[in-house]
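Below is one structure; the comments refer to it alone.
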Amino acid sequence: MRNIFKLILLVVIMAGCGGEKQPDGILPKDKMTTVMWDMMLADQYLTDNIFNKDTTLNRNEESIKLYQQVFFIHKTSKEEFYKSLAYYRSRPDDLRVLFDSLENRKP
């Protein structure tokens with residue numbers, strides 16, 4: 001009887017450790033990291049090559065144009081990206097993994 005109880009307890013514990021299933025419409029961590037990296041590169045490009053040469057440009061409009069290109073390249077949307085960002089922000093451990101991955105990337 002004790003062995004059956006231990007087996008049931010082990011199964012319950014293992015099922016609980018299976019992790020939380022990520023909701024639909026959320027970018028996986030590796031894709032989210034790649035999209036965020038490319039958005040950071042886009043910001044850097046705009047700062048170094050565009051805004052320094054033409055101060056009359058609207059920064060928000062130019063940023064949005066470049067971000068849309070990043071979303072297109074990665075086959076995602078602005079809505080999916082921001083939904084994913086909100087999801088990861090609500091999970092500090094997962095968000096830390098994303099930021100650590102970004103920090104360890106080489107330009």
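Note that the structure is predicted; figures quoted are calculated from it, not measured.
- Between K31 and H74, the shortest heavy-atom contact is NZ-O, 2.8 Å.
- For T34 (side chain) and D30 (main-chain N/O), a donor-acceptor pair under 3.5 Å exists by modelled atom type.
- Under the 4.5 Å side-chain heavy-atom criterion for Ile, Leu, Val, Met, Phe, Trp and Tyr, L41 and M32 are members of the same hydrophobic cluster.
- Put simply, the side chain of S101 never gets that close to the backbone of T33: no donor and acceptor are under 3.5 Å apart.
- Here CD1 of I73 is found 6.5 Å from CG of D38. Values are rounded to the nearest 0.5 Å.
- A donor-acceptor distance shorter than 3.5 angstrom exists from the side chain of Q22 to the backbone of I26, with no hydrogens or angles considered.
- To the nearest 0.5 angstrom, R91 atom CZ is 15.0 Å from R96 atom CZ.
- Grouping the Ile, Leu, Val, Met, Phe, Trp and Tyr side chains by contacts below 4.5 angstrom, directly or via other members, places V97 apart from L95.
- Note that CG of L27 and CG of L85 are 10.0 Å apart. Values are rounded to the nearest 0.5 Å.
- Inter-residue side-chain proximity for F81 and M39 is flagged as met; some heavy-atom pair is nearer than 4.5 Å.
- The two residues G25 and S84 make their nearest non-hydrogen contact at O-OG, 3.7 Å.
- Shown here are the ring-ring contact (aromatic ring centres under 6.0 Å, His included) partners of Y88, two or more places apart in sequence or in another chain: there are none.
- Remark: L98 CG to D93 CG distance equals 11.5 Å, nearest 0.5 Å.
- Ring-plane geometry between Y82 and F71 is classed as perpendicular, the angle between the planes exceeding 60 degrees on a 0 to 90 degree scale with a lower cut at 30.
- The salt bridge (Lys or Arg N to Asp or Glu O under 4.0 Å) pairs that include a residue from residues 56-72 are E62-K65, where partners are two or more places apart or lie in different chains.
- Residues passing the side-chain contact (heavy atoms from CB on, under 4.5 Å) test with P92: none are found, sequence neighbours excluded.
- Legend: residues meeting ring-ring contact (aromatic ring centres under 6.0 Å, His included) with Y67, ordered by chain and number and at least two apart, are absent.
- Remark: Q69 pairs with L66 by the side-chain contact (heavy atoms from CB on, under 4.5 Å) rule, at least two apart or across chains.
- Sorted by first and then second residue, the salt bridge (Lys or Arg N to Asp or Glu O under 4.0 Å) pairs with a member in residues 71-90 form an empty list; sequence neighbours excluded.
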